[in-house]
Amino acid sequence: MWEVVFMDGFRKKGSITVEAVLVVPVCLMVCFFLLQTLFYLHHVSWYTAAAWECALTGVSDGGEGENALQRWQSLKEQQPLPVGKLQADISSSGQNARVRIRGNMSLLAGIDAMEFDITVKRSTLAPASFLKRAKSLRTLAKGQG
C-alpha cells in the first residue's frame, strides 16, 4: 500500500479509503435493492386488498358493477405510493364479480421490471339452496345403500 507523509512526519495509510471505495457502493446497492423489494411487496399486498374490496362491493350491489368501479377509483386515489401503467378490469354480473389489476414498478434506474397481475373472483352462495341439495343427496344415498 502507499503512504502519505505529512509535514509533521505523521504517516497515514490509504488502505481505509480504498476499502471504503469498494464497500460503500456494495452496501448502498444492497440497501436500494431491499427498499425496492419492500416497495414491490407493499404494492402487491395493497392492490390485492383493494381488489378484494372491489370484488366484495361488486357482489354486494348485485348489479352492473358501478359501485365496484367507483370504489376502485376512490381506492386508487388513496394509494400513497402510486404505480405507473396501472390497469384494472372490473366485471360484475349478478352473483359473480371479477377484478383484475395489472401494473408494474420501475426500478431505480427507470427500467420497468417488477410487474404484478392480481386476479380476484368472488361469487355469492345461496346457503338455503345449497343445504337443500345436500339434504336431498343424503336422502338419495341412504335410500340406495
Side-chain angles (χ1 to χ4, degrees), residues 1-4 6 11-145:
M1 285 291 167
W2 47 277
E3 294 181 1
V4 177
F6 289 99
R11 296 180 179 203
K12 285 197 169 197
K13 292 185 178 181
S15 61
I16 293 176
T17 305
V18 173
E19 290 171 3
V21 166
L22 297 175
V23 172
V24 170
V26 171
C27 291
L28 286 175
M29 283 178 32
V30 168
C31 289
F32 285 139
F33 177 75
L34 288 174
L35 276 173
Q36 195 70 31
T37 304
L38 289 174
F39 281 141
Y40 176 76
L41 293 174
H42 169 266
H43 287 315
V44 169
S45 64
W46 197 91
Y47 285 116
T48 302
W52 275 110
E53 193 168 330
C54 291
L56 290 173
T57 303
V59 168
S60 67
D61 76 2
E64 299 295 318
E66 293 297 322
N67 288 341
L69 190 57
Q70 289 174 355
R71 184 66 185 146
W72 165 247
Q73 293 298 330
S74 68
L75 285 173
K76 187 170 75 169
E77 292 171 3
Q78 292 174 7
Q79 167 61 283
L81 302 168
V83 173
K85 299 180 184 175
L86 188 64
Q87 298 175 349
D89 302 324
I90 299 173
S91 60
S92 176
S93 60
Q95 302 295 322
N96 300 320
R98 181 179 175 271
V99 178
R100 182 177 183 191
I101 299 174
R102 294 180 304 240
N104 59 6
M105 277 182 54
S106 62
L107 296 173
L108 292 173
I111 302 168
D112 292 336
M114 302 178 105
E115 298 179 354
F116 57 89
D117 188 356
I118 301 164
T119 303
V120 173
K121 296 176 185 175
R122 179 75 178 167
S123 62
T124 303
L125 179 67
S129 63
F130 176 76
L131 291 174
K132 285 179 186 177
R133 279 187 263 150
K135 187 176 180 181
S136 64
L137 285 174
R138 189 177 348 157
T139 57
L140 284 174
K142 285 182 182 179
Q144 292 184 5

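The two residues A55 and A97 have their closest heavy-atom pair at O-CB, 3.6 Å. The two residues I118 and V44 make their nearest non-hydrogen contact at CD1-O, 3.7 Å.
Within the model, atoms OH of Y47 and CD of E53 stand 13.5 Å from one another, a figure rounded to the nearest 0.5 Å. A distance of 10.0 Å separates OG of S74 from CG of L69, quoted to the nearest 0.5 Å. In this structure, H42 NE2 and L35 CG are separated by 13.0 Å, a value rounded to the nearest 0.5 Å. With rounding to the nearest 0.5 angstrom, the SG atom of C54 is 15.5 Å from the CZ atom of R100. Rounding to the nearest 0.5 Å gives a distance of 7.0 Å between CD1 of I90 and CD1 of I101. To the nearest 0.5 Å, the span separating OG1 on T37 from CZ on F32 amounts to 13.0 Å.
R122 CZ: 12 or fewer foreign heavy atoms inside a 6.0 Å radius.
Between L75 and W46, some side-chain heavy-atom pair lies under the 4.5 Å cut-off.
Ion pairing between R98 and D89 fails under the 4.0 Å rule for side-chain N and carboxylate O.
Using cut-offs of 30° and 60° on the angle between ring planes, the pair H43 and F116 is parallel.
Listed by first and then second residue, the side-chain hydrogen bond (donor to acceptor under 3.5 Å, both in side chains) pairs that reach into residues 130-140 come to none, sequence neighbours excluded.
Applying the salt bridge (charged side-chain N to carboxylate O under 4.0 Å, His left out) criterion to K121, with sequence neighbours excluded, gives no partner residue.
One N or O on the side chain of Y40 and one on the backbone of E115 form a donor-acceptor pair closer than 3.5 Å.
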